[in-house]
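Each chain gets a letter, A, B and so on, in the order its sequence line appears, and its residues count up from 1.
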Amino acid sequence: MHLYQDQELKIYNSLNGKKEVFTPLNEGHIGMYVCGPTVYSNVHLGNCRTFMSFDMIFRYFRHLGYKVRYVRNITDAGHLVDDAEDGEDKIAKKARLEKLEPMEVVQRYTVDFHTILQKFNFLPPSIEPTATGHIIEQIEIIKDILEKGYAYEINDSVYFDVSKFNEDHEYGKLSGRKLEDMIANTRELTAQDEKKSPQDFALWKKAEPQHIMRWPSPWGDGFPGWHLECTAMSTKYLGETFDIHGGGMDLKFPHHECEIAQAEACNGHSPVNYWMHANMLTLNGKKMAKSTGNSILPGEIFSGNNALLSKAFSPSVVRFFMLQAHYTSILDLSNDALLASEKGFNRLMDGLKILKNLDTAKSSDFDVPAWKKKCYEAMNDDFNTPILIAQLFEAVKHINAIKEGRENISLEDKNELQTTMNAFVFDVLGLEDKNDNEGDTDTLSSVVELLIQLRKEARDNKDFATSDKIRDQLAAVGIQLKDGKEGTTFSVS
RNA sequence: GGCAUCGUGGCCGAGUGGCUAGGCGCAGCUCUGCAAAAGCUUGUACAGCGGUUCGAAUCCGCUCGAUGCCUCCA
């Protein structure tokens with residue numbers, strides 16, 4: 001009945017480094033939590049890649065018929081800037097610099113985040129909770145951890161006691177680290193650190209008088225620690241144990257490791273069945289990061305307004321570019337790679353258009369059911385979008401052959417092909433055909449059609465000077481004429 | 001220094017113990033008044049050195065190189 005019932009989906013689980021058959025806790029339902037952005041500046045393209053990977057995964061689950069509760073948070077408090085000594089909140093710091101209220105900063109960049117994701121055609125998550133909206137839940141968790149003896153209070157701050165936790169649990173199992181090694185490798189230079197051990201992490205930090213973002217708590221005015229919000233919100237909306245927890249590779253340690261520790265300290269068992277980590281988007285071979293300035297903003301790609309780019313690229317092209325790599329691989333951004341993706345993307349879209357008007361025959365030379373099966377196999381093998389896309393191009397090849405009369409397709413196969421292509425291209429990959437959503441297209445096309453008509457007359461009269469002038473002038477304003485067998489068409493770049 | 005990942009043809013990027021991934025570029029062809037666009041055809045690559053094996057780019061070891069994490073980070 002549902003597609004997922006006859007598919008065996010495998011997911012690479014970062015927790016054990018193995019591809020495992022995915023079985024949700026409750027049949028037909030999936031709980032998925034993904035760490036969202038810290039909204040203290042504009043989202044850069046690297047951030048988008050992680051969220052895009054999970055958007056694709058969310059879309060595929062839905063395509064298979066699962067009911068998914070997809071929670072992606074907004075971090076609007078709790079991240080310390082610089083070292084613990086400074087102890088200033090990232091949001092608060094930015095607010096001071098820009099003379100804004102902290103929540104004004106949060107609002108501005110949350111809006112930016114949503115705007116960009118919308119351009120990329122992201123599906124909204126089921127719930128998008130904020131850290132500041134869950135202070136009470138976070139305080140409750142701290143109390144619980146304190147009660148169970150895995151945390152200690154000192155100078156109005158509360159820290160998680162990693163060594164204590166490691167006595168009866170395994171700290172470091174996600175990132176493959178051993179606490180003894182970590183201790184052995186720590187430099188003993190953090191002199192006035194109030195923590196018992198450098199590995200301990202803050203659950204609650206005391207707010208200094210000048211600190212703007214602060215909340216009352218049993219330990220005095222302060223703010224929650226780095227890793228607590230995700231534990232609080234994932235537990236609240238998905239339960240003590242849920243199916244999938246995702247995020248960027250760079251969050252694996254310490255963030256996700258600490259989440260596991262917090263949840264295990266509270267509930268005594270691991271919170272997540274499948275950990276998924278999306279790999280980094282690099283620029284010039286280096287990780288994109290706001291802090292180092294090695295980053296590119298989505299807006300710069302859409303406008304072409306960046307020294308690295310020779311032209312503007314549409315959101316769908318960028319999306320296509322990213323999905324041509326597997327989500328667990330590092331992907332390097334370059335102008336050449338985007339250019340190549342744009343060509344490929346157009347080829348795919350053209351194929352889709354040709355498919356609509358294809359003539360059918362009694363039999364098929366293209367084994368559509370076998371092809372369809374390969375598409376699903378690709379996606380069921382840990383969401384292998386590059387292989388899926390290769391299969392889509394395989395289909396385009398056949399579509400072109402059918403169009404040119406070198407192959408045939410039956411009506412039944414054509415419908416099957418069209419349904420499957422549309423499902424994967426638009427529903428699962430989330431691509432959009434840019435050429436069918438502009439309002440003034442009708443006016444434009446009638447004007448261009450007129451010019452095409454005039455050019456045809458000139459050509460018929462062998463007045464090539466005039467015909468070439470029309471062609472070249474149109475090209476200069478970005479309208480390319482395409483002379484085909486059945487007349488001339490055009491495309492706007 | 002520790003932990004982890006990776007090194008594939010001109011570029012991007014899959015995959016894998018023996019069977020053409022794919023996209024782009026280049027070249028050739030078709031089409032065209034000429035172009036462009038489009039379509040077709042074409043590439044035996046897997047860092048280096050050893051080892052295991054009938055057979056490895058794929059497994060093991062070492063060397064070299066790159067990246068990520070170890071501090072906020074998608």
Under 3.5 Å, which N/O atoms of the protein pair with N/O atoms of nucleotides 6-12 of chain B?
none

Please list each protein N or O that sits under 3.5 Å from an N or O in nucleotides 66-68 of chain B, with the distance.
residue	atom	partner	partner atom	Å
B/rU67	OP1	A/Lys286	NZ	3.3
B/rG68	OP1	A/Lys287	N	3.2

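A distance of about 38 Å separates the P atoms of B/rU58 and B/rA38, rounded to the whole Å.
Using a 4.0 Å heavy-atom distance criterion, A/Leu339 is classed as making no nucleic acid contact. Nucleic acid contact class of A/Ser175 (heavy atoms, under 4.0 Å, all strands): sugar-phosphate only. Residue contacts for A/Ala325: at a heavy-atom cut-off of 4.0 Å it reaches the sugar-phosphate backbone alone, with no base atom in range. A/His277 comes within 4.0 angstrom of no nucleic acid atom, judged by non-hydrogen atoms across all strands. Contact annotation for A/Gly46: base contact, defined as any heavy-atom pair under 4.0 Å involving a base atom.
For the segment residues 374-386 of chain A, the set of residues with a heavy atom within less than 4.0 Å of an atom of RNA chain B comprises A/Asn384, A/Pro386, in numerical order. Contacts between residues 389-403 of chain A and RNA chain B, counted as heavy-atom distances below 4.0 Å, involve A/Ala390, A/Phe393, A/Lys397, A/Asn400. Within a heavy-atom distance below 4.0 Å of RNA chain B, the residues of residues 456-466 of chain A found are A/Arg459, A/Phe464.
The base of B/rA35 sits with one of its N or O atoms less than 3.5 Å from a complementary donor or acceptor on the side chain of A/Arg471.
Residues passing the ring-ring contact (aromatic ring centres under 6.0 Å, His included) test with A/His326, sequence neighbours excluded: none. Residues passing the ring-ring contact (aromatic ring centres under 6.0 Å, His included) test with A/His169, sequence neighbours excluded: A/Tyr150, A/Phe165. With sequence neighbours excluded, no residue forms a ring-ring contact (aromatic ring centres under 6.0 Å, His included) with A/Tyr12. Partners of A/Asp382 by salt bridge (charged side-chain N to carboxylate O under 4.0 Å, His left out), not counting sequence neighbours: none found. For A/Phe424, the ring-ring contact (aromatic ring centres under 6.0 Å, His included) criterion is met by A/His63, A/Tyr376, not counting sequence neighbours.
Comparing A/Glu404 and A/Phe51 by the nucleotide of RNA chain B that holds the closest heavy atom to each, the one mapping nearer the 5' end is A/Glu404.
Stem list for RNA chain B (at least 3 consecutive Watson-Crick or G-U pairs, distances under 3.5 Å): B:1-7 with B:64-70, B:10-12 with B:22-24, B:27-30 with B:38-41, B:47-51 with B:59-63.
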Let me have the donor-acceptor pairs involving side chains of residues 389-399 of chain A, under 3.5 Å, with sequence neighbours excluded, atom names and distances please.
residue	atom	partner	partner atom	Å
A/His398	ND1	A/Glu407	OE1	2.8
A/His398	ND1	A/Glu407	OE2	3.4

